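Note that the structure is predicted; figures quoted are calculated from it, not measured.
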Amino acid sequence: MESGDEEWESDDMEQYEDDMEQYEDDMEQYDSKFYEKIENVVQSLREETETSSQLILLRELCGVLSFCSEYSISNIVDLLSPLLVEYSKNESNPDIVLFSLRAMTHVCELYSSSAGFFVEHNVVPTLCQRLFAIEYLDVAEEAGAVMAVLNYIDFFSTNMKRVALSTMLNMCKKLPSESLSPFMEAVPILCEFFGHEDHQLVEKVAVCFIKIVDKVHQSSELIEELCNHGLIRKVTLLLSSNGQTTLSQLTYNGLVGLLVKLSSGSLVAFRTLYELNISSILRDILCTFDLTNEVSRSQQIGGNCYWVYEVLDLLNELLPDLAKDQNDQLVLDKESFLDNHSNLLQRLGMDVFPMLIKVFNCGVSVHVCHGCLSVMYKIVRLSKCEMHVELLKNVNISSFLAGVFTQKDQHMLMLALQIAEIILHKCPDNFLMLFLKEGIFFFIDALLTQEKRTSKLMYPVFSSIQLDSSKKSASGQALQCLCYAFSSGQFSSLSEVRNCKLDKDSVYNLAEHIKTTYIVPELFDSQTTILQNLRALSNDLLSMFTDNGVLSVHDEEEKTKSILSQIMDKFSGKEQVSTFEFIESGVLKSLADYLSQGQYLRNNKGMQDVFNDNAVIEKRFEALASVCLFASQPFSGETTLSVLIRNLQTALTSLEAFPVILSSGLRLRDSFVTVPKGRPVPYPCLKVCFVRGEGETFPNEYTEEFHTVDPFSSLHSIEGYLWPMVSSKSTEYVGSSSMWQLRSPQLQLPSHAEELQMDAEPSLELEKCDPASCSNEASQKLVFYFEGQRMDHKFTLYQEILRHAIRQNDSFSSLKLWSKVHKITYRRAIESEDMIPSECHSSPQDSSSGYKVLAYYQHTPFFSDLLSCELVSDLEKPSPIYDILFLLKSLESMNRVIFHLISRERIHAFAKGKVGDLDSLKITVPSIPQNEFVSTKLTEKLEQQMRDSLAVSVGAMPLWCNQLMASCPFLFSFEARCKYFKLEAFSQSQAQPGLSHNGPGAMRDRPLGPAELPRKTFLVHRNRILESAEQMMELHANSKVVIVVEYYEEVGTGLGPTLEFYTLVCHEFQKHGLGMWREEANLQAEETRIRSFYRLFPRPWSSVQDTSGGIQFSEVTKKFFLLGQVFAKALHDGRILDIHISKAFYKLILGKELSLYDIQSFDPELYMVLQEFQALVMRKKYIESISGGNSDIVSFRDERIEDLFLDFTLPGYPDILLAPGTDHSMVNMRNLENYVSLIVDATVRSGISRQMEAFESGFNQVFSIEHIRIFNEEELESMFCGESDSWAVNDLEDFIMFDHGYTASSPPIVNFLEIIREFGHEQRRAFLQFVTGAPRLPPGGLASLTPKLTVVRKVCRLHTIYFQCSF
């Protein structure tokens, strides 16, 4: 920094400090003034005896209190409280009572602890007395409501109704079992509030009834009394309407649980629920969590799945099980009712059966999956024979059961066999061949014959492993057996809970019964026609290329396309291909081999090999894209690619068995760890004994009995602690600070940035290898072994121990994990090539400097990461799951670059003369929506893992979570990845704001955000926005505090001014003449900001340029450095940016390399010219390759290239010379190839590389940019800039709150909503800027706005109504 800048910065900092001191002095004087006023009024009230004077003083006191702060009140409440209580007892003047109570209200609102002072002076009896002798309605409002006030509640304002119902709710929390009659009398009054417009009143009434029913559900008489008052009708109406947006998720779940209790204790309630069509309501509840592929942003509550338990509980109560309760008269009556009303049972089955299958496939938890099967079994058992075909005709029950048979749990196998046995017994003709198609008979046979379990079937059997125990009984004990998961009875003892009701040979006996009764031997040797055809096509595809994957004859390319077309036709045909047929045919593996050239199972495949194979691989993807993308099903119009993806997702859902490992039964507690660094942690520690390996010689032997180790520290950190202890050479000591340094890739940072990064806490995040760590100084010194297995240094100690348990198929116990002393053996590391992490291998850019630039851009490695990384290390290879993951990753990569592939294919077609017109190069390519690649089951598993109380970092989760997030992030929903990102980048402070030490049940699910992080106020100058931003980032970029902005000499601080500040900063970055962005030539003189239709992209600068047009390049890099800081800090603090960045720029942020085809996103005119030039080059080469043809006939739209008079300067930037020398003075057909490549290089590579390095350096000051690379470009824009569309019209009433006298039906509100519905785009931006400070909404729209947009009624003295938007 220059000296002038330093002087200015020093002066500005001094001015800033002076301003803050003056601000604090003013606030202190403000509080002191009001303290003196209150003290004078109190003294006068003590001495005054005249009633009229007392009334005047109380009114004055109320006026003063309305402007006081908590500080003013806290110092005088002990003197004020006895005086106000005494005046509230006045029997002669109700006005004095009114104002004394009003003063109490002001005091309690300002200083909540003051309630204790009033109680000490016996205010409660006084308040109760006032309730039964109401001279003023305001007196009752100020005093608060108890039971007696329900009689007058209709006369209260909305606010006082809330107070009354809050009091009622507090009484219901401690409701006495022996005296319920007063509360039952209040039921009719309370029921009326279910239809109230005020959401808070509805919430309080709902909770009141939840508490009441919890006390009366054992009495059938009281339950029937509740039913007679219409409680069930009111509750079901609320659940079926907008209950999920009106009520909190906890209350909504409680209302479903209320229906469970009513149904379990009364036949009247049971019958009423069926008559009210409860099945459609439950179906709609399950549908709020979109179980097809995309998770709903507005309805999903933090990924919470606990509401599913309540729904399954209710369904189990609605389906009596006579086999378990033969002597229960209520169960007999319920079953008799269903026998006589079979149409109601059929309607329930038609509504919920398909949804239960989808819930099961989500893999929510083992108990939920068992509950789904239990309900399905009851429906099938209770349904009559003629109902089965109708019930199951739209449900692929055979495919579902095939997936269940891959489970390991005996309870689920038993239920699946029972369902299959009933179906085969009642409808054998309809389902026998379907069971064969899905391989169910093979699974049943594998249950019986040990030899079949190790047979040559490709389809995995019994592959699942369950390590979670997430559901608890009413007594709080974790259920050890699924037999009791949804039992309605009470447990008599703990032993009964733990004892399994399932006989040892039950599964075997039932499988034997099904085989001997329903399956003829010939079925085991038969194959379906589709399986035979697919198997033949699979063999044909493999035979089209040699063992190393190269096509033997060039002419066979069309034949390969023909085979691919036939395979895809099978998937999109009338008869659906089952998962069993898909895998057993070998198509899955042959497609993976074809696309990867047979290399996808190779370990540690170098990047150079990937680059060499890239041309062949891209050609195959072009062939697959041409076959899949433009072919569609005849009726639905769905592309063949979508059908293939859906089949892969179905197979993944059926086969994957990634474990969810929860800390059930573990009570979180603080502990002190000694390794790798002594410090307290808010979670348990692991006990580890370090033992020297046999035959190892170290100068010092580490002999301590055991150490307390941070479970989420990496083995790199543990090595950094242990190595100095066992080594005598002090020079080899790495130092404790090195193990705390983030190991993310570092660019050239300012010196102070490197110092700031030393304060980060790496134990809460996985360390990654960067190129620097490949040096000898940072080489690995120790190797660790756990029970004979070598441990991976990239993972945490906790993950490695879990990994070992899963590999050994151990029965996992959380308590055993934390109480046991784990023995870890250490040995000296032997340096070798295999010790170097795969990330450190050289890239093609580093190792192949001799290839031409054009060759690089012509064969851009779109799929270079496809073969260079391992998907999941613990997956067996080869295996169907690994093949599925690889194909999904391949198709998702292809979908992202589909425009590039088809454009390349069109250029090649032009070169070969198949396309004769340059205009035909313009294409419109359809793409598959990104949500089709999302796996709902894996998303829910990850959500469940992140909800666990132990999930304080990504290192606390199973390895598959981290590895799939790194290799296949598209499998998880955007919301789940956002939570994972916050957990990884910001640790528990933002990702788990509700983390409690009271166990997993105490966690609160609420929207993620920086609401609970410490805050820091920063004073900015409105006329020096960028300078203020630079100061802010220099002081707070690396700090873990949320910055709140206050403007100099302006009143107000908080969210609004802060969002406005970030908006103004973004506008400053978009001004003309900064040298940062590409600018259009035809700009209006009055415009101050760049307004590009194609959005912003960095302006190219030559590597030899220091200045251009009076702009210093050093200033440009400084601004990009600041821009990176602003982007990262905004994301950290949850702020929205108003900057229109191009898609290509976001790709650069994500670390992706750009090519010629990316220019189309920010400069389509330049792209079209370069594409046409590229096509001419390719055509020239093709003509010259065939019999030495004459390439002079190649022309550009009937003009010679030479006649265009193009020189070797960058178009639009004449001061940037592309290449020196006489050979590159003018462009001709001979050097057109170099011209195109140099333009592409200057535009998207070398010309912007230094700017991007500066941006990444600034970004890394806040947190590592690597963390955001689990998102795609569109998602990254949503995270930084929020929603591009302001709001949906229907969202206005659902997500705007109306309060303080307004409801949704108030005439001013109706007019207000009607007006803003008519706003155009710019008006919406202006409206949002006015009410929030930012012209854009956060991701998720109005639903995600925190705090909610609230419209209140404010009446001034002239009785004029205003709208006030509160934040």
Side-chain angles (χ1 to χ4, degrees), residues 857 860 862 896-900 903 924-925 927 930 1065-1083 1087 1089-1101 1116-1117 1119-1120 1122-1124 1126-1128 1130-1131 1136-1171 1210-1213 1239-1256 1258-1259 1265 1268-1269 1271-1285 1321 1335-1336 1339:
Y857 286 109
T860 305
F862 297 132
R896 282 192 286 106
V897 297
I898 197 69
F899 176 80
H900 307 59
S903 297
T924 302
V925 181
S927 62
Q930 194 67 23
V1065 170
C1066 291
H1067 292 174
E1068 289 292 318
F1069 277 120
Q1070 297 174 74
K1071 284 188 175 181
H1072 298 298
L1074 297 180
M1076 295 179 67
W1077 313 109
R1078 302 174 68 93
E1079 300 184 18
E1080 297 178 359
N1082 53 347
L1083 296 173
E1087 290 183 328
R1089 284 192 287 146
I1090 302 173
R1091 295 184 179 274
S1092 174
F1093 179 77
Y1094 301 106
R1095 303 194 172 193
L1096 301 176
F1097 190 79
R1099 174 200 187 276
W1101 283 76
V1116 174
T1117 55
K1119 286 184 173 60
F1120 271 102
L1122 177 60
L1123 182 66
V1126 170
F1127 264 59
L1131 194 57
I1136 299 300
L1137 301 176
D1138 184 34
I1139 187 167
H1140 303 278
I1141 299 293
S1142 66
K1143 178 181 176 181
F1145 187 82
Y1146 284 116
K1147 289 182 71 172
L1148 290 171
I1149 294 176
L1150 293 174
K1152 300 177 182 178
E1153 294 182 353
L1154 303 185
S1155 69
L1156 163 67
Y1157 308 103
D1158 292 294
I1159 299 177
Q1160 193 265 348
S1161 66
F1162 59 86
D1163 195 338
E1165 294 179 358
L1166 176 63
Y1167 164 72
M1168 286 305 303
V1169 173
L1170 294 178
Q1171 185 192 33
L1210 187 63
Y1213 304 92
I1239 289 179
V1240 174
D1241 178 66
T1243 304
V1244 298
R1245 191 171 174 81
S1246 63
I1248 62 170
S1249 59
R1250 292 180 293 168
Q1251 296 94 303
M1252 291 309 302
E1253 287 176 3
F1255 179 91
E1256 290 190 17
F1259 199 103
I1265 201 171
I1268 64 173
R1269 289 175 176 169
F1271 303 99
N1272 59 38
E1273 302 87 81
E1274 293 79 12
E1275 293 166 342
L1276 206 59
E1277 181 180 20
S1278 177
M1279 293 179 67
F1280 284 125
C1281 302
E1283 296 289 339
S1284 55
D1285 296 329
H1321 178 70
R1336 308 183 74 162

Derivation and outcome, ring pair (Phe, Tyr, Trp, His ring centres under 6.0 Å), residues Phe1255 and Phe1145: CA-CA 11 Å; Phe1255 179 91; Phe1145 187 82; 5.5 Å; yes

Side chain to side chain contact (heavy atoms under 4.5 Å, CB included) for Met1076 and Leu1123? Distances and angles first, verdict last. CA-CA 11 Å; Met1076 295 179 67; Leu1123 182 66; 4.2 Å; yes

Residue pair Thr1243, Asp1163: steps toward the side chain to side chain contact (heavy atoms under 4.5 Å, CB included) verdict: CA-CA 10 Å; Thr1243 304; Asp1163 195 338; over 6 Å; no

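Here the CD1-CG distance, from Ile1139 to Leu1096, works out to 5.5 Å after rounding to the nearest 0.5 Å. For the atom pair CD1 of Ile1248 and CG of Leu1154, the computed distance is 6.0 Å after rounding to the nearest 0.5 Å. A distance of 9.0 Å separates CZ in Arg1099 from CG in Leu1210, rounded to the nearest 0.5 Å. Taking OG1 from Thr1117 and CH2 from Trp1101, the interatomic distance works out to 9.5 Å, rounded to the nearest 0.5 Å. With rounding to the nearest 0.5 angstrom, the NZ atom of Lys1147 is 11.0 Å from the CG atom of Asn1272. In this structure, CG in Asp1241 is found 12.5 Å from CG in Leu1156, a value given to the nearest 0.5 Å.
Residues Trp1077 and Phe1162 form no side-chain contact, since every pair of their non-hydrogen atoms from C-beta on lies 4.5 Å or further apart. Looking at heavy atoms from C-beta onward, Ile1149 lies out of side-chain contact with Arg1269 at the 4.5 angstrom threshold. No side-chain heavy atom of Ser927 sits less than 4.5 Å from a side-chain heavy atom of Arg896. Counting heavy atoms from C-beta on, the side chains of His1140 and Gln1070 come closer than 4.5 Å. Looking at heavy atoms from C-beta onward, Ile1159 lies out of side-chain contact with Gln1171 at the 4.5 angstrom threshold. At a threshold of 4.5 Å between non-hydrogen side-chain atoms, the residues Phe1069 and Leu1122 count as touching. Side chains of Ile1141 and Phe1127 form a contact here, defined as non-hydrogen atoms less than 4.5 Å apart. With contacts defined as side-chain heavy-atom distances shorter than 4.5 Å, the pair His1067/Asp1138 qualifies.
Annotation for Arg1336 and Cys1281: closest pair NE-O, 3.0 Å, computed over non-hydrogen atoms. Of all heavy-atom pairs between Ser1278 and Glu1283, the closest is OG-OE2, 4.4 Å. Summarising the geometry of His900 relative to Ser1155, their closest heavy-atom pair is CD2-OG, 3.8 Å, with the distance given to 0.1 Å. Nearest heavy atoms, Lys1119 versus Leu1074: CE-CD2, 3.8 Å.
In this structure, Arg1078 contributes its side chain and Phe1097 its backbone to no donor-acceptor pair below 3.5 Å. Counting only distance, with no hydrogens or angles, the side chain of Glu1079 and the backbone of Gly1073 share a donor-acceptor pair below 3.5 Å.
Not a single ring-ring contact (aromatic ring centres under 6.0 Å, His included) links Tyr1146 to another residue, sequence neighbours left out.
Around CD of Glu1274, the count of heavy atoms belonging to other residues, nucleotides or ligands within 6.0 Å exceeds 12.
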